[in-house]
*Asks:* 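Following this message is one structure expressed as C-alpha cells.
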Number of protein chains: 2
Amino acid sequence: MKGNNKFSIGEFSEKTGISIRTLHYYDEMGLLQPEKNPTSGHRIYSHRDILTLQKILSLKFLGYSLDKILHLLNESSFTVDLNETLSLHFQALENEKERIEQSMTAIKRVTKLLEVEGEVDSAILFTLIHSMQTENIQKEWMERHIQADIAEELSKKTEEEKATLDQTFIQLAKEVKQLYGKPVEDPKVQEMIQTYLEASFAFLGEDLIQELADTDVEELDIQELENLTPSPFSDDEQQWLNEAMEYCMKQAELD
Amino acid sequence: MKGNNKFSIGEFSEKTGISIRTLHYYDEMGLLQPEKNPTSGHRIYSHRDILTLQKILSLKFLGYSLDKILHLLNESSFTVDLNETLSLHFQALENEKERIEQSMTAIKRVTKLLEVEGEVDSAILFTLIHSMQTENIQKEWMERHIQADIAEELSKKTEEEKATLDQTFIQLAKEVKQLYGKPVEDPKVQEMIQTYLEASFAFLGEDLIQELADTDVEELDIQELENLTPSPFSDDEQQWLNEAMEYCMKQAELD
DNA sequence: TATAAAACCTGACGGAACTGTAGGTTCAAG
DNA sequence: CTTGAACCTACAGTTCCGTCAGGTTTTATA
C-alpha cells in the first residue's frame with residue numbers, strides 16, 4: 001500500500017484524522033464506500049475518497065445530519081435549496097449560541113455569589129439559577145401583561161445590578177429561615193422586610209414600581225408567573241412571609 | 001386531583017413544561033420519584049417535587065449530566081466542589097461557543113459567495129468550507145513552522161479580505177477547469193496565473209510574501225499542510241497547474 | 001520460509017437523554 | 001354504564017460513534 005494515491009484504512013485515517021471506526025461506520029451506512037480487495041475484504045481508499053470525505057465533513061460542519069448528507073451526496077443538484085437550508089441552520093446555531101451564553105452568564109453569577117457569600121443554601125441557589133434560566137420566559141410574560149418598554153428596561157439591567165439583587169435575595173432568604181416563627185410584627189422581622197423592599201425598589205426604580213402597581217393582572221396570570229419562579233421557601237414559610245409583608249404595607253399606609 | 005398541591009402527571013407536565021415521557025424517564029432512573037397511588041399506580045406529584053425538578057433543571061442548565069445530578073441530589077454536601085465543576089463547565093461552554101461561532105462564520109461566507117457567484121462548483125465550495133473548518137489547525141501548523149507573529153497576522157485578516165480571496169480562488173478554479181489541456185505557455189493560461197498570484201500577493205502583503213519565501217520547510221511538513229487543505233482539482237489538473245505556475249515564475253525571473 | 005506482530009475484518013453492545021409506540025388499565029363525565 | 005381522555009408498563013429507536021471480541025490477512029523479522 002505504498003502507492004501514492006491508494007491507502008489502507010489505517011493510512012487514510014491517519015491522513016484525514018478520522019477514526020477507523022468512523023470510517024467503518026461511514027462505509028456501513030453508505031456515506032463513503034471505498035474500493036475493496038475482493039479476496040481479503042480490506043478497504044482501499046483513493047484520492048476520490050478524500051474529496052468525498054471532505055464533502056461529508058464540510059456538510060457536517062454546516063450542521064447537517066449524516067442522514068441528510070447521504071441524500072445530498074446522492075442527489076447531485078443540491079445547490080438549489082442550499083441557500084435555504086443554510087439560513088435555517090444559521091438560525092439554529094444562533095439559538096444554540098444564545099442558550100450557551102445564557103448558561104455562561106448564569107455560571108458567572110453563581111460563581112460570584114459563591115465568592116461573596118461563601119456558602120449558600122442549595123434551595124435558594126437553585127431558585128436563583130432557575131430564574132436565570134427562565135429569564136426569557138419571564139420577559140415574555142412581562143411583555144404580555146405589562147407595557148413592552150418596561151419589560152425591555154427590566155431585562156436591560158446590568159449584570160452588576162442583577163448581582164446585587166441576587167445578594168439581597170439571598171440575605172432575605174437566610175433571614176427568613178432564621179426569623180421564621182417569630183410574630184410578624186416583631187421589629188426584626190419588619191426590619192428585614194423593609195430592607196428587602198428597599199433593595200427591590202432600588203433595583204426597579206420609582207417609575208417602574210409605580211407602573212407595576214398601576215397594572216392589574218388577573219389571578220390566573222399571576223399564578224402562571226409564580227409557576228415560572230417557585231420560591232425556595234416551604235409553604236409555611238411562604239405564608240408567614242406574605243403575612244409579614246402585608247403587615248409592613250399596612251404600617252406604611254398608616255404613616 | 002383538584003387539590004392545590006397534588007398533581008397528576010398531566011397537570012405537573014403542563015405546569016412545568018416537562019413532557020410526560022420525560023417525567024416517566026426521570027422517575028425510572030430515580031431522579032424524580034413522586035408518590036404513587038398504590039392501587040392504580042398513577043403518579044402523584046407534590047410541591048416538593050416541583051422543587052426537586054427545579055434543582056434538576058438548574059443543574060442541567062449548569063451543564064451536569066443526569067447521572068451526576070442523581071448523585072448530587074442524594075449527597076447533600078455538594079457545595080464543596082461546586083466552584084470547581086462550575087469553572088470546568090464554563091470552559092466547556094466556551095469551547096462549544098467558539099465552535100458554533102466558527103460554523104456561523106463559515107455559513108456567512110458561503111452564503112455571500114453563493115450570492116455573488118450565483119452557483120459554485122460543489123468541489124470548490126467544499127474545499128473552501130473545509131479550509132474554514134481547519135483554519136485553526138492551519139494556524140497551528142503556521143505557528144510551528146513560521147514565526148508566530150506572521151501566523152497571527154494572517155489569521156487576523158478581516159472577513160472582507162477573506163471573502164475577496166474566496167472569490168479569487170473560485171475564479172481561478174473555474175478558469176482552471178476551462179483552460180485545462182491548453183499548453184502552459186498559452187497567454188490565457190499565463191494571464192490567469194498572473195491574476196491569481198497578484199490577488200494572493202495583495203492578500204498577503206509584501207512583507208509576508210518575503211518572509212514566507214525565506215522560510216524553508218521540510219517536504220514532509222509541506223505534505224502535512226497539503227493533507228489539511230486538499231485541492232478541488234483532479235491530480236491531472238493539479239499537475240498541469242503546478243507546471244503553469246513554474247513556467248510563470250521562470251518567466252518572471254527572466255525579466 | 002516459518003512465525004510473530006501488526007493491521008484489518010465483521011458483528012455486537014453501550015451510551016446520553018430522551019422520544020415513540022403498543023397494548024392495556026383507570027378515571028371523570030354524561 | 002359507557003365512552004373517551006388520561007394514565008400505566010415495557011420495549012424499541014434515535015445519533016454518531018467508542019469499545020470490545022474473535023477471527024483473518026498482511027508485513028516484518030528470524
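Everything numeric in this text was worked out from a predicted model, so none of it was measured. Chain naming here is simple, since letters A, B, ... match the order of the sequence lines and numbering starts at 1 in each. Both backbone and side-chain heavy atoms feed into the values below; hydrogens, waters and symmetry mates do not.
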*Asks:* From NZ of Lys68(A) over to P of dT14(D), roughly how many Å is that when rounded to an integer?
*Replies:* 16 Å

*Asks:* Is it the case that more than 12 heavy atoms not belonging to Lys68(A) sit under 6.0 Å from its NZ atom?
*Replies:* no

*Asks:* Other residues, nucleotides and ligands only: do more than 12 of their heavy atoms fall within 6.0 Å of CD on Glu161(A)?
*Replies:* yes

*Asks:* Calculate the interatomic distance between Arg43(A) atom CZ and dT26(D) atom P; express it in whole Å.
*Replies:* 14 Å

*Asks:* Return a table of donor-acceptor pairs under 3.5 angstrom between the side chains of residues 25-35 of chain A and protein atoms on other chains or two or more places apart.
*Replies:*
unit_1   : atom_1 : unit_2   : atom_2 : d
Asp27(A) : OD2    : Arg43(A) : NE     : 2.6
Asp27(A) : OD2    : Arg43(A) : NH2    : 3.3
Gln33(A) : NE2    : Asp27(A) : O      : 3.1

*Asks:* With no hydrogens and no angle check, is any side-chain donor or acceptor of Ser13(B) less than 3.5 Å from a backbone partner on Ile18(B)?
*Replies:* yes

*Asks:* Does dT15(D) have OP1 or OP2 sitting under 4.0 Å from an N or O in the side chain of Lys60(A)?
*Replies:* no

*Asks:* Residues from residues 16-34 of chain A sitting under 4.0 Å of DNA chain D, heavy atoms only?
*Replies:* Ser19(A), Arg21(A), Thr22(A), Tyr25(A), Tyr26(A)

*Asks:* Please give, in whole Å, the distance from dT26(D) P to Ile9(A) CD1?
*Replies:* 15 Å

*Asks:* Between dA6(D) atom P and Ile44(B) atom CD1, what is the distance in whole Å?
*Replies:* 18 Å

*Asks:* Without decimals, in angstroms, what is the distance between Leu66(A) CG and dC17(D) C1'?
*Replies:* 9 Å

*Asks:* Within residues 92-105 of chain A, find the residues that approach DNA chain C with a heavy atom at under 4.0 Å, and present them sorted by residue number.
*Replies:* none

*Asks:* Rounded to the nearest angstrom, tell me the gap between atom CG in Leu70(A) and atom P in dC17(D).
*Replies:* 14 Å

*Asks:* Hey, is the side chain of Ser8(A) poking within less than 4.0 Å of OP1 or OP2 on dC8(C), counting only N and O atoms?
*Replies:* yes

*Asks:* Please report the shortest heavy-atom distance between Lys36(A) and Gly41(A), naming the atom on each side.
*Replies:* CD-O, 3.8 Å

*Asks:* For Glu159(A), does the CD atom have more than 12 heavy-atom neighbours from other residues, nucleotides or ligands under 6.0 Å away?
*Replies:* yes

*Asks:* Lys6(A) has an atom NZ; how far is it from atom C1' of dT26(D), in whole Å?
*Replies:* 18 Å

*Asks:* Under 3.5 Å, side chain of Ser103(B) to main-chain N/O of Phe61(A), donor-acceptor pair present?
*Replies:* yes

*Asks:* Look at the aromatic rings of Tyr45(A) and Phe12(A) and report parallel, tilted or perpendicular, splitting at 30° and 60°.
*Replies:* parallel

*Asks:* Within a strict 4.5 Å, meaning less than it, do heavy atoms of the Val176(B) and Leu172(B) side chains meet?
*Replies:* yes

*Asks:* Given atom CZ of Phe61(B) and atom C1' of dA17(C), what is their separation to the nearest angstrom?
*Replies:* 18 Å

*Asks:* Check whether any side-chain nitrogen or oxygen of Lys36(A) sits under 4.0 Å from OP1 or OP2 of dT25(D), and answer yes or no.
*Replies:* no

